[in-house]
Protein chains: 2
Amino acid sequence: MAKQNTVFKDAFNRCLKLLAETSMLPSEPELGQALGVSRTTVRAILTRSEELGLISWDKRRKTVLRSPGPSDYFPTEETDSLAERIERSFMRRILAGGAEPGMQINELELAREIGTGTTSVREFLIRFSRFGLIEKRPNSHWVLKGFTREFALELTEVREMFELRSAARFVALPDEDPAWDELKAIEAVHRAILSDIDKRYKEFSELDERFHLLVHRSSSNRFIIDFYDVIAIVFHYHYQWNKAHARERNARALEEHLAYIAALQSRDPRQVEQACRRHLKSARETLLQSIP
Amino acid sequence: MAKQNTVFKDAFNRCLKLLAETSMLPSEPELGQALGVSRTTVRAILTRSEELGLISWDKRRKTVLRSPGPSDYFPTEETDSLAERIERSFMRRILAGGAEPGMQINELELAREIGTGTTSVREFLIRFSRFGLIEKRPNSHWVLKGFTREFALELTEVREMFELRSAARFVALPDEDPAWDELKAIEAVHRAILSDIDKRYKEFSELDERFHLLVHRSSSNRFIIDFYDVIAIVFHYHYQWNKAHARERNARALEEHLAYIAALQSRDPRQVEQACRRHLKSARETLLQSIP
DNA sequence: TTTCTGTCTTTTATCTACAATAGACAGATG
DNA sequence: CATCTGTCTATTGTAGATAAAAGACAGAAA
């Protein structure tokens with residue numbers, strides 16, 4: 001196998017959903033636009049849809065013949081890109097499995113375990129190295145530096161610098177900036193989750209990312225925004241991993257967010273700084289608690 | 001060709017220098033230590049040295065027979081690692097050649113131009129992407145974001161945050177920290193260059209990197225230290241590129257550095273902040289002036 | 001005239017193969 | 001008995017090949 005056709009499979013699945021809602025599909029370029037793929041892939045999707053008897057296709061006439069059933073879809077395991085699969089496997093290994101700092105990472109072994117070639121693993125490790133958790137010894141192996149207390153402290157130190165700076169920029173955004181509307185929307189979701197916290201506390205993780213990314217974006221600084229990737233991935237896996245007291249933690253964080261959001265809306269830099277510092281402090285403590 | 005043997009060639013050249021100074025080479029492990037390579041490579045070096053009649057080699061007895069001449073060395077072009085060659089070619093293209101932002105970057109074309117396989121180019125681009133100058137469109141090309149005014153401003157914004165923080169940490173280092181000695185050594189080089197500025201102003205670039213890296217190191221934060229790579233590469237190529245008024249610029253920067261160093265040595269946080277800010281401000285202005 | 005389709009070319013993503021390099025182990029040597 | 005050498009194995013770095021996906025262009029259709 002050279003290239004996986006996950007783009008095709010994933011787009012095909014998404015196309016089936018569109019197909020369920022109309023009787024006539026649009027033009028190829030339009031469909032490509034809607035699915036975010038090239039015409040080549042669109043045509044592959046149409047070909048397969050025709051073969052399955054889902055549509056009849058004659059040039060510009062693409063008529064839906066029947067609604068897609070569950071068996072028409074590709075299984076979800078096959079629609080994830082290789083990079084996603086590698087990331088998951090890798091994070092599971094280093095977070096769940098015995099992940100002692102200093103451990104060697106073996107490309108070939110990892111590749112075999114994941115069932116892929118070494119090139120992809122290698123490229124993943126190179127990309128991943130910017131998260132500061134692994135390091136390359138040239139002409140030799142990678143070394144796991146480990147998700148340690150130092151790591152968490154270094155990460156949060158930079159995070160705090162960047163977020164304070166971004167928050168200070170946020171209050172200076174012009175009234176018509178779309179960020180204000182997004183902030184309102186985010187606030188509303190916070191209230192909704194809080195009012196049904198017992199059932200919905202798990203939604204916090206995703207909301208957290210959405211909120212902080214919005215703040216970081218207002219820095220208009222690519223380095224600050226890019227760094228948020230590091231924070232996001234660490235917190236993402238951290239939430240998955242450390243579920244103790246999740247409900248209470250999330251409830252408290254939601255409250256802190258609301259105070260922080262109110263401060264942003266007040267546009268008073270001092271209030272913002274205060275609320276931001278308070279929230280970041282407790283976020284840091286939570287993260288540190290989960291590290292032995 | 002599978003793997004380049006640049007490690008061997010480079011180590012061989014360095015070994016010739018050692019060889020010129022002794023009549024008897026040490027043991028294989030010791031030699032490996034000195035050259036920073038494995039025993040496998042050491043033995044390859046010894047084998048070749050023997051073939052060239054430079055030494056006689058019998059088990060532990062490695063006697064130097066003659067001093068190496070110029071023709072014994074590998075040409076320097078062959079000792080650079082592939083990654084270095086790719087970096088240079090790439091930087092020349094995007095800094096010197098018409099490097100309009102938005103330009104597409106083609107892996108295959110680059111590889112052909114440099115005379116290497118696509119894999120290496122790809123891996124280089126992935127590593128390089130963390131410098132914020134290029135961006136990947138998945139399943140498609142890379143886009144050059146360009147060495148623009150915004151880039152320089154975003155870079156210096158973060159640089160200033162990080163360096164102020166690091167400098168503040170520096171003054172808190174214990175007296176016995178080796179950084180203080182290194183700082184003294186750096187100061188001495190500054191004075192030496194300044195006293196012969198007309199001839200030696202070109203040495204500033206390297207000294208600048210050495211000094212700022214020392215400061216950043218005292219942050220003990222991997223993200224801050226890693227970020228210095230970005231700064232270093234940008235300034236490195238910037239110095240190579242923009243030579244107008246280099247003498248005056250460097251003389252001024254040297255003076256600023258001396259003030260900054262004195263402030264660090266005074267251990268007075270307020271003086272440090274002032275001197276640091278002053279220097280960073282003029283560094284930013286210099287950088288911006290070189291951008292159209 | 002504008003947008004669409006059929007066809008073709010180019011480029012990327014990924015696998016496999018292989019030389020260079022690192023590293024392990026047992027027996028040799030001082 | 002500690003260190004070195006000979007030999008062997010494992011792993012990385014790089015090239016080359018190939019399917020998937022993107023994208024270009026000319027002629028067809030509205």
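In the text below, chain A, chain B and the rest are named by the order of the sequence lines, each starting its count at 1.
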Task: Side chain of Thr118(A) - closest among dT11(C), dT16(C), dT14(C) - done: dT16(C)
Task: Strand-adjacent residues in residues 17-33 of chain A, judged by heavy atoms under 4.0 Å from DNA chain D - done: none
Open item on the list: I'd like to check Arg137(A) versus Trp142(A) (side-chain heavy atoms, cut-off strictly below 4.5 Å). Are they in contact?
Closed with: no
Open item on the list: Please compare Asn5(B) and Ala83(A) by the position of their nearest nucleotide in DNA chain C and report the one closer to 5'.
Closed with: Ala83(A)
Task: Distance-only donor-acceptor check, side chains Glu78(B) and Tyr73(B), under 3.5 Å - done: no
Open item on the list: Would you say Thr40(B) places a side-chain N or O within less than 4.0 Å of OP1 or OP2 belonging to dT21(C)?
Closed with: no
Open item on the list: When you measure from the side-chain N and O atoms of Thr41(B) to the phosphate of dA20(C), is any distance below 4.0 Å, counting only OP1 and OP2?
Closed with: no
Open item on the list: At a heavy-atom distance below 4.0 Å, which nucleotide of DNA chain D is the first touched by chain A, and which is the last?
Closed with: dT11(D) to dA29(D)
Open item on the list: Tell me if the side-chain of Lys59(A) makes a donor-acceptor pair with the base of dT5(C), cut-off 3.5 Å, by modelled atom types.
Closed with: no
Open item on the list: So for atom CD, which belongs to Gln33(A), do other residues, nucleotides or ligands contribute more than 12 heavy atoms lying within a distance under 6.0 Å?
Closed with: no
Open item on the list: If you take any heavy atom closer than 4.0 Å to DNA chain D, which residues from residues 131-139 of chain B end up in contact?
Closed with: Asn139(B)
TODO: Side-chain contact test, heavy atoms from C-beta onward, threshold under 4.5 Å: evaluate it for Thr41(A) versus Ser38(A) and give yes or no.
DONE: yes
